[in-house]
Structures are given as structure tokens and as C-alpha cells.
Amino acid sequence: MRRLRCVVGRLPGGRIGVADLDPSGTELRRLTLDPEELPALIAQREETPGDPLTGGPRWVWSDTPTWYDSVLRSGVRAGRCHDLRLVHTILQHSQLVQEPADIRAAIAWETGPIVPAESRPAEATLFDLEAGSSGPGSVPHDLDAALAELARQDRAIGTSTDPGRLRLLAAAESAGALVAAEMHGAGMPWDVAEHDRILAEALGPRPSPGQAPSRMVEVAAEVRAALGDPLVSLDSPPKLLRALHRAGIDVASTSQWELSEQEHPAIEPLLRYKKLSRLLTANGWTWIDEWVREGRYRPLYIPGGVVTGRWASNGGGALQIPRQLRPALRADPGWRLVGADVSQLEPRVLAAMAGDQAMAAAAAGQDLYAGIVASGVVTTRQEAKVGVLGALYGGTSGDSGRIVPRLRTTFPAAMGLVDAAAATGERGGDVSTWLGRSSPPADQEWRQRQNSAYLPDADPREGERARRIARDRGRFTRNFVVQGTAAEWALAWLAGLRLRLARLPMLDDASAPASGPAFSRQAHLAFFLHDEVIVHAPQEQADAAAQAIREAADAAGELLFPGSPVDFPLDLQISDRSGKG
DNA sequence: CGACACTGCGCG
DNA sequence: AAAGCGCGCAGTGTCG
């Protein structure tokens, strides 16, 4: 059953048009309204007693943040959407699309990764729908342009080799855009006092501006004493490297993995100094001042920001918050954090895609690596992990180089799939995820190097270089199919979770400080990181939220891989703080 | 002074 | 300078 679609776009003169389309694409009616009337219209159309958000139409618009942020600020949520910009990006390169000419010709929709207009807490008043909004980094917001692009996308999907998969991908990607906008609106509940406590414990109390924290000063002195160099800068890699050489420490770089292999009294304090320095510069007091407002950290999430389909983020390094600071992610009083991550998502996705019976059997328990040990191909969990990561990333040497060939005999279908993806990439071909997102074509320079390496008078070093970058691309495409399909699974998980949470009752009075009307009275997503979600839930909804997370994971598996024996077990905790169950 | 490249390290 | 994928961000250094 295909639902009603409501295409939203700008009209000449600053009004907004909403065109209702039946499943065949025929326009049934058209409304005209002022921009500030849009939230009310959406609220009215979403209103389905007892089934909030799930019974409404699919809103079609140029770009989700452009239209949806203001709607959200009015306290209104949309159930489903179709983000023309994101779907355009997918269809443009998808190998499943057999007639890409129209889509590719619509260059106005070719935006690449979005340029965050304003990621600082201030926020621009969305409808900056003036001239210039069709420049680079933007898309056409007019209703006519949206209708034309939607028609192109419908045709591209309808004539593709697998319309079902591309429709699912379009819906999942677009649902991700709704989640991203909502998570930005809600923010992560951030406990500044706890963050400060963690910093002070590691670094000493907050120093006055321009001063180094006391613990760092002490550790730096230890390093300088051990190097016999009282003035050396530890913050400049070139200077530090020279100082290390003067002290007789033979390293090619100052990276921690290389330093840690050295025996010298300066190494231990230097590594400690680097840890402290990283904590201070990346997530120190300055970070708190810059990013946390009224108990909320609000990064910008960027769906489709990574070529594989993973999200990127902007503002404060949301996807790289160190584990050490996780306890600062803390529920409001009377609320709980419900956190869940998928155990070994990528190898499970690979087993399902490849239909690898042996790998599916190994995945049957909570711990896939234990299952691989049980299969007898390796003897320790560590070997299983190194081997699987080597298979996914294209490891050829060291431990993974020894173990991966053994996996080939035990899991031939799974290994065949990633090996084939690597071979295709090395040849300059493209690969696609399970739902049809395709790898970016090899660029001109890459092709140039492959061609010139085989000319009769080519320098042998050119040939070596060509083979090396060919292997580099092979590792990329090998990983692309798995990382990208895992991202699709995660989008399906998020999409299902979001709608399940929306069915939970709105509380009459939640004791939480308002973070926007739509988020202060109901369990909502607060964080997402590739294979992990955190839901911020009123205490009385915590169990229901946990149940929703589990159901959504099962549903995602069934949606992508119907009938597959591979399941996707979760590690789930309910707590007032993240980082500890 | 800004733009850019590079290093290094946090996350999955 | 990971032998093996994908990111964002801060700091340093270089160039114009």
C-alpha cells in the first residue's frame, strides 16, 4: 500500500504550496498557505487517533532541515518524508538505476555534502528562501522544481532493476533526515558538573585562561626531565621528534602506537601527556563553553555525509565523544537513558548479504566471535576478531594476513562477497550496497594512473604506484559494501524505533526542563552512532523504550533480509548515565 | 592575516 | 607510519 504524498515547496511571492499526489503521481489538489501555517497543516494531516505519526502522508520536500526545523520548533513532528536532495544523491550513482540520464542532468540537485549554514547554537531563522538559495550547496525549494524532481526520481526508481530496494533505501535515508533534525532539536542531555569533575580529576582544576592545567604542567616537566631538554615543546610534532632523536629515541613519527614500542623513561610520561593534552584540547572546558547550553549539547547530524551512507556530524565532534566522557551524558531528573548497541553489526550484515550458512551459524549467539571460535577455524576470540576485521578491511599482513585465508575456507560465501567487491574496485568498477547505494566512480586521476602504467615506456615505479592505488581502491570497495549495508540496517532500525517511540503516550507533566515541546513529554532519540542508539525516556517509559529498541532491531533485520537466519542481538542498558549500565 | 596541508587522535 | 575501512577536529607550520 502506497500512501498519499504531499509535496511541499515555495511559490512565487513567498507563499508555500502543498500538492497532494495519488500513488500514480497524479495531482489531486493543491493548497496555498503562508510559511507559518505549515506546522498546523502538518499537525492536522498527521493526526491519527491512537496511531500518531504512522497513519499520515509522506511529506516530500527539497531538503529536510530547510523545511522541518521550523516545524519542529513549533512542536510538530512529521511521520514520514521523502528528502529529494538525499534521494537524488543516491540515485545519481546507483547501479540499480538503468536510465540515469534525467537525474544526472538535474544538476541543481547535485549538492554534495551539505555546508552547515549555521551550526552554532544561535541558528538562522530557517526560511531564508531568498535569492541565492539555488547556489552551490543548496537545492531548488520551489514547488515546481520539487514536483519535477520527484517525477524524475519516481521514473528512475520505477525503471530500475529493483524498485523495491531503492524505495526502501529512499524511505530509510529520509527517515534518517527526520531523526537527525529531531536529535538536533532535542539535544543530548549533558551534565556540565560531571564533565567538569572528569576534567578536574584528570587535569587538575580548571586553570585561568591561557594557563596550562596543573597536572599537564607536572607531566610535561617529567617528560622534559627524562629527555634532558628543559624547554622542548611537546605540542609540536616536528620539534618533539627532533628532541626524541636527540635523546636517542629512534622513531619516524611521534604517534602513540610507535612511541609505545620504545623503551625509554620519557615514553611513559609522554604518552600520559598526550592523553591529557588531547582531552583538554578536544573536550576540555572550552568545549563545554562552546557547545553546551542549558544542559543540552546540540551537534548537527548530517545524514548521508559519508559516501558509504553513514552519517557525519558537525559541531563539537559528536561522533567522537571519548568514552571517558560518556558519564557526562546524563538523563534529566526523573528520566532515564536507554542505550543499546548491536553486537558485531558489520560481520552479521555480511553473513546475511552473502547468505553464508556457516557464518550465520557462527552468528547465532550473542557473540559472533565466540561462534567463530566454536566453528573451529581459529582458537581464540582475539584471532576471530582480527580475522573478521581483516576480511572487512582488506588486511593482508601480520596476524590478519595469516587468519583471513583460513576464513576463506570456512566462510566461502561471505569471503567471496567481499573479495569480489575488492576485485571490482581494483579494476575500476563500482559496487553497491544491499539496497543500492553505489560507490563513487574512480576519479580521473586514478584512471589516468592505471592507463599510463601499462604504456610500453612506463616507468616501473609508475606501475608499482598504479597497483598500489588500485589495491587501495579495492580495500575501499571491499569495505563499502559492508559498511554501507550496515548503515542501511542502522537507518531502518532508527526509522522503526522513531515511529515506535512516537506511539508512546505523551506525559501530561514531565519533570524535565523543556528542550522543545515535542521532546519534553515523551521518550525520544538522543544519540546515534553507527551501531548504537541512546533514548532519553521518562522513567515510566524506559522499559517501553527498551522494548521499542529491540522490536525495531528485529524489524530492521526482517526488512532488509527477509527470512534470513542472521539475527542482530543488542547490548542494552537502562541507566541515568551513559557509559555504565 | 587567512587558506591550506599535515599530523595526530578520538569514535565506529 | 598502522600492515587494514570510514569520519571530525585541534594544533602546528607554511605560503602568499
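Each chain gets a letter, A, B and so on, in the order its sequence line appears, and its residues count up from 1. Below, each value reflects all heavy atoms present in this structure, side chains not excepted, and no hydrogens, waters or symmetry copies.
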**Study point:** Set of residues satisfying salt bridge (Lys or Arg N to Asp or Glu O under 4.0 Å) with respect to A:Glu551, sequence neighbours excluded
**Key:** A:Arg500
Practice item. Would you mind classifying the nucleic acid contact of A:Ser313 as base, sugar-phosphate or nothing, using non-hydrogen atoms under 4.0 angstrom? Key: sugar-phosphate
Check your understanding: Considering residues at least two apart in sequence or located in another chain, which fulfil the salt bridge (Lys or Arg N to Asp or Glu O under 4.0 Å) criterion with A:Asp235?
Key -> none
Point to revise | Validation row: A:His530, A:Arg310 side chains within 4.5 angstrom (heavy atoms) | key: yes
**Study point:** Contact residues, residues 391-408 of chain A to DNA chain B [heavy atom, < 4.0 Å]
**Key:** none
Review point. Taking OP1 and OP2 of B:dG8, is either one under 4.0 Å from a side-chain nitrogen or oxygen of A:Lys274?
Key: no
Exercise for review: For each nucleotide in nucleotides 11-16 of chain C, reading 5' to 3', give B when a protein heavy atom comes within less than 4.0 Å of its base, S when such contact involves only the sugar-phosphate, and - otherwise.
Suggested key: SSS---
Point to revise | Neighbours of DNA chain B within residues 247-270 of chain A, by heavy-atom distance under 4.0 Å | key: A:Ser253, A:Thr254, A:Ser255, A:Gln256
Exercise for review: Indicate yes or no: at least one non-hydrogen side-chain atom of A:Tyr301 is less than 4.5 angstrom from one of A:Pro299.
Suggested key: yes
Exercise for review: Select base, sugar-phosphate, or nothing to describe what A:Gly390 touches, counting heavy atoms under 4.0 Å on all strands.
Suggested key: nothing
Exercise for review: Can you tell me the distance, in whole Å, between the CZ atom of A:Arg326 and the P atom of B:dG10?
Suggested key: 15 Å
Practice item. Decide yes or no on side-chain hydrogen bond (donor to acceptor under 3.5 Å, both in side chains) for A:Asp83 and A:Thr64, but give the supporting numbers first. Key: CA-CA 6 Å; A:Asp83 185 307; A:Thr64 299; 2.7 Å; yes
Review point. With a non-hydrogen cut-off below 4.0 angstrom, is A:Arg278 in contact with a base, only sugar-phosphate, or nothing?
Key: base
**Study point:** Paired stretches of DNA chain C - 3 or more consecutive Watson-Crick or G-U pairs, each distance under 3.5 Å
**Key:** B:1-12 with C:5-16
Check your understanding: When the aromatic ring centroids of A:Phe561 and A:Trp489 are compared, is their separation below 6.0 Å?
Key -> no
Review point. Under 6.0 Å between the ring centres of A:Tyr297 and A:Trp287?
Key: yes
Review point. Of A:Gln483 and A:Trp287, whose closest DNA chain C nucleotide lies nearer the 5' terminus?
Key: A:Gln483
Check your understanding: Of the nucleotides B:dC11, B:dG8, C:dC5, which has the atom closest to the A:Arg323 side chain?
Key -> B:dC11
Check your understanding: Which part of the nucleic acid, if any, lies within contact of A:Ile321, taking any heavy atom under 4.0 Å across all strands shown: a base, the sugar-phosphate backbone alone, or nothing?
Key -> sugar-phosphate
Review point. Does a nitrogen or oxygen in the side chain of A:Asn283 sit under 4.0 Å from OP1 or OP2 of C:dC9?
Key: no
